[in-house]
Protein chains: 2
Amino acid sequence: MSREEPVRSGRKMGRPRAGQERLNRERILEAALRIVDEEGMEALSMRRLGAELGVDPMSVYRHLPGKEAVVSGLVEQVFSEMRLPPSGGATWQERVRAWATAYVELARSHPNLVLRIVSDAAAVSDAMLQVSEPLYAALWDAGLPPREAALAAGTVVDFVHGHALSEESSSTPDDAAPVEDSAFERDMLARLEAQPAESFPTMLRVFRVLAEDATDMNRHPVFDGSLDVLLAGIEAMTYDNAG
Amino acid sequence: MSREEPVRSGRKMGRPRAGQERLNRERILEAALRIVDEEGMEALSMRRLGAELGVDPMSVYRHLPGKEAVVSGLVEQVFSEMRLPPSGGATWQERVRAWATAYVELARSHPNLVLRIVSDAAAVSDAMLQVSEPLYAALWDAGLPPREAALAAGTVVDFVHGHALSEESSSTPDDAAPVEDSAFERDMLARLEAQPAESFPTMLRVFRVLAEDATDMNRHPVFDGSLDVLLAGIEAMTYDNAG
DNA sequence: ACCTGAACACCGTTCAAGT
DNA sequence: ACCTGAACACCGTTCAAGT
């Protein structure tokens with residue numbers, strides 16, 4: 001986390017003045033992330049941030065030019081947390097899957113930041129670029145030429161963004177009992193049945209089955225299932241290219 | 001647009017009091033959408049909205065309970081604009097493609113609202129539900145069983161959301177000359193070359209080729225290309241199911 | 001030179017006071 | 001009964017005034 005800052009435990013290099021550490025970018029982002037993770041994006045204000053740090057709200061401007069910079073810094077920091085498992089001996093499919101999974105889990109671990117993560121990443125932030133190489137490498141090793149590799153990578157990234165968004169906005173706000181199996185499906189069915197009869201015949205058919213079927217389909221398997229679809233589609237591209 | 005309201009031109013049923021139409025939900029949302037489309041989400045405030053309508057800001061609360069309701073109303077209204085081409089005689093693939101295209105174009109026509117569209121839709125707004133039946137119908141006709149149809153639909157929706165987001169945040173803010181071909185690719189290349197040498201060997205290889213290649217690859221074809229990937233993946237599911 | 005905090009120009013929303 | 005607008009409790013940020 002810290003690089004060459006005074007270490008909290010070791011307190012060498014003179015005791016921190018007035019009994020508390022000096023303000024710096026890292027400490028600010030740490031406090032901001034704590035606020036956002038625990039209380040949500042709308043709780044983050046420069047004034048609240050100052051209070052959290054025990055300093056004048058304006059002091060933050062010494063280290064970051066404004067609120068927007070604080071939030072971008074947060075996104076950047078969260079991206080730097082993304083860790084891929086070692087890819088030794090894995091197939092390109094396994095590597096694409098591992099990448100997408102690591103990315104969606106990064107989003108899951110900061111649900112209140114998801115909206116900003118997917119927006120900033122879509123604007124091709126440097127943070128996103130830092131993290132993308134293993135995805136491109138896997139697709140390259142699949143034998144895809146440059147244009148197809150970029151297309152496949154974009155497809156995977158777009159899907160993960162959309163999926164992270166859908167998980168976030170359908171998640172229980174951290175209180176309440178863990179969501180039951182097929183709660184989503186039963187909610188959809190209820191909504192559908194509240195509509196004028198037979199406006200949505202297919203969806204009704206689909207969700208009637210899914211709401212009954214109480215297999216342990218929580219939301220992770222649907223992410224994996226979608227990745228199956230994407231990987232099959234990408235595989236089809238490799239045949240096109242070989243044949 | 002209006003259903004049984006006093007028509008602006010015909011001015012039957014008594015002239016509007018004080019020379020202007022009475023306030024209603026529809027007129028409020030109309031004004032709000034104008035503000036958002038022309039000046040962006042951050043320009044929308046209850047006070048600004050009141051000014052746009054020539055009424056006291058508080059009058060809006062008579063018709064909508066708060067700002068959040070105004071924005072949801074906006075999303076709802078935009079969804080109701082989605083129009084699919086008639087699907088007569090089309091294959092299921094063509095119908096899925098037509099659905100995804102109509103959806104992304106809806107997002108394109110309100111770029112400043114995209115973030116809210118994809119968030120609200122991900123929360124399964126009623127508006128989204130209204131619009132989804134043709135997608136499910138196409139996938140059902142592809143021969144997919146309920147679970148697979150729902151999975152495929154979710155994959156398509158998540159991808160479209162992510163893609164709409166990526167188009168929005170990389171779009172020119174409406175001023176400036178139309179973006180040149182491969183501007184994105186050349187921007188990526190510049191970013192990559194600014195990084196420490198060979199940190200990103202694969203991306204460098206990929207974007208060196210794409211930045212050179214000045215074919216007319218604007219951004220629409222990449223959406224179509226991604227849909228090819230998705231459709232190929234979904235097709236693979238139908239074989240699994242048949243075989 | 002550095003930092004602070006008062007002040008500015010906004011917010012969304014409540015609610016008492018007016019008609 | 002209906003509507004208004006003053007007021008409340010916030011914002012992000014500027015900048016003059018202090019040390």
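The basis for the numbers below is simple: all heavy atoms, side chains too, and nothing from hydrogens, waters or symmetry mates. Only a predicted model underlies this, so the values are computations on that prediction, with no experimental measurement involved. Proteins get letters first, then strands, A, B, ... in listed order; numbering begins at 1 in each.
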What is the distance, to the nearest angstrom, from the [atom1] atom on [X] to the [atom2] atom on [N]?
X: R48(B); N: dG12(C); atom1: CZ; atom2: P; result: 12 Å
X: E68(A); N: dG12(D); atom1: CD; atom2: C1'; result: 11 Å
X: M41(B); N: dG12(C); atom1: CE; atom2: P; result: 10 Å
X: D56(B); N: dC2(D); atom1: CG; atom2: C1'; result: 13 Å
X: R47(A); N: dT13(D); atom1: CZ; atom2: P; result: 11 Å
X: E42(B); N: dG12(C); atom1: CD; atom2: P; result: 12 Å
X: M46(A); N: dT14(D); atom1: CE; atom2: P; result: 10 Å
X: M58(B); N: dA16(C); atom1: CE; atom2: P; result: 16 Å

So, do V71(B) and M41(B) sit near enough that their side-chain heavy atoms are less than 4.5 Å apart? yes
dT13(C) and dT13(D), which share atom name C1', separated by this distance in whole Å: 23 Å
For atom C1', what is the distance between dT14(D) and dG12(C), given to the nearest Å? 23 Å
Within less than 4.0 Å of OP1 or OP2 of dC3(C), is there a side-chain N or O belonging to S59(A)?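 False: S59(A) side-chain N/O out of range (4.0 Å or more) of dC3(C) OP1/OP2.
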Just N and O in the side chain of S45(B): are any of them under 4.0 Å from OP1 or OP2 of dC10(C)? no
Please determine, by modelled atom types, if E26(B) and Q77(B) share a side-chain donor-acceptor pair under 3.5 angstrom. no
Less than 4.0 angstrom from a charged side-chain N to a carboxylate O is my criterion; do R108(A) and E81(A) meet it? no
For Y136(A) and F207(B), I'd like to know if the aromatic rings sit close, meaning centre-to-centre distance below 6.0 Å. yes
Determine the interplanar angle of the F223(B) and H163(B) rings, folded into 0 to 90°, and report it as parallel if under 30°, tilted if 30 to 60°, perpendicular if over 60°. tilted
Watson-Crick or G-U wobble mate for dC10(D), both contacts under 3.5 Å: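 Paired with dC10(D), as far as the under-3.5 Å criterion goes, is no nucleotide at all.
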Watson-Crick/G-U partner (both atom distances under 3.5 Å) of dC15(D): dG5(C)
For R62(A) and for Y61(B), find the nucleotide of DNA chain C with the closest heavy atom, then tell me which residue's nucleotide is more 5'.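 This one resolves to R62(A).
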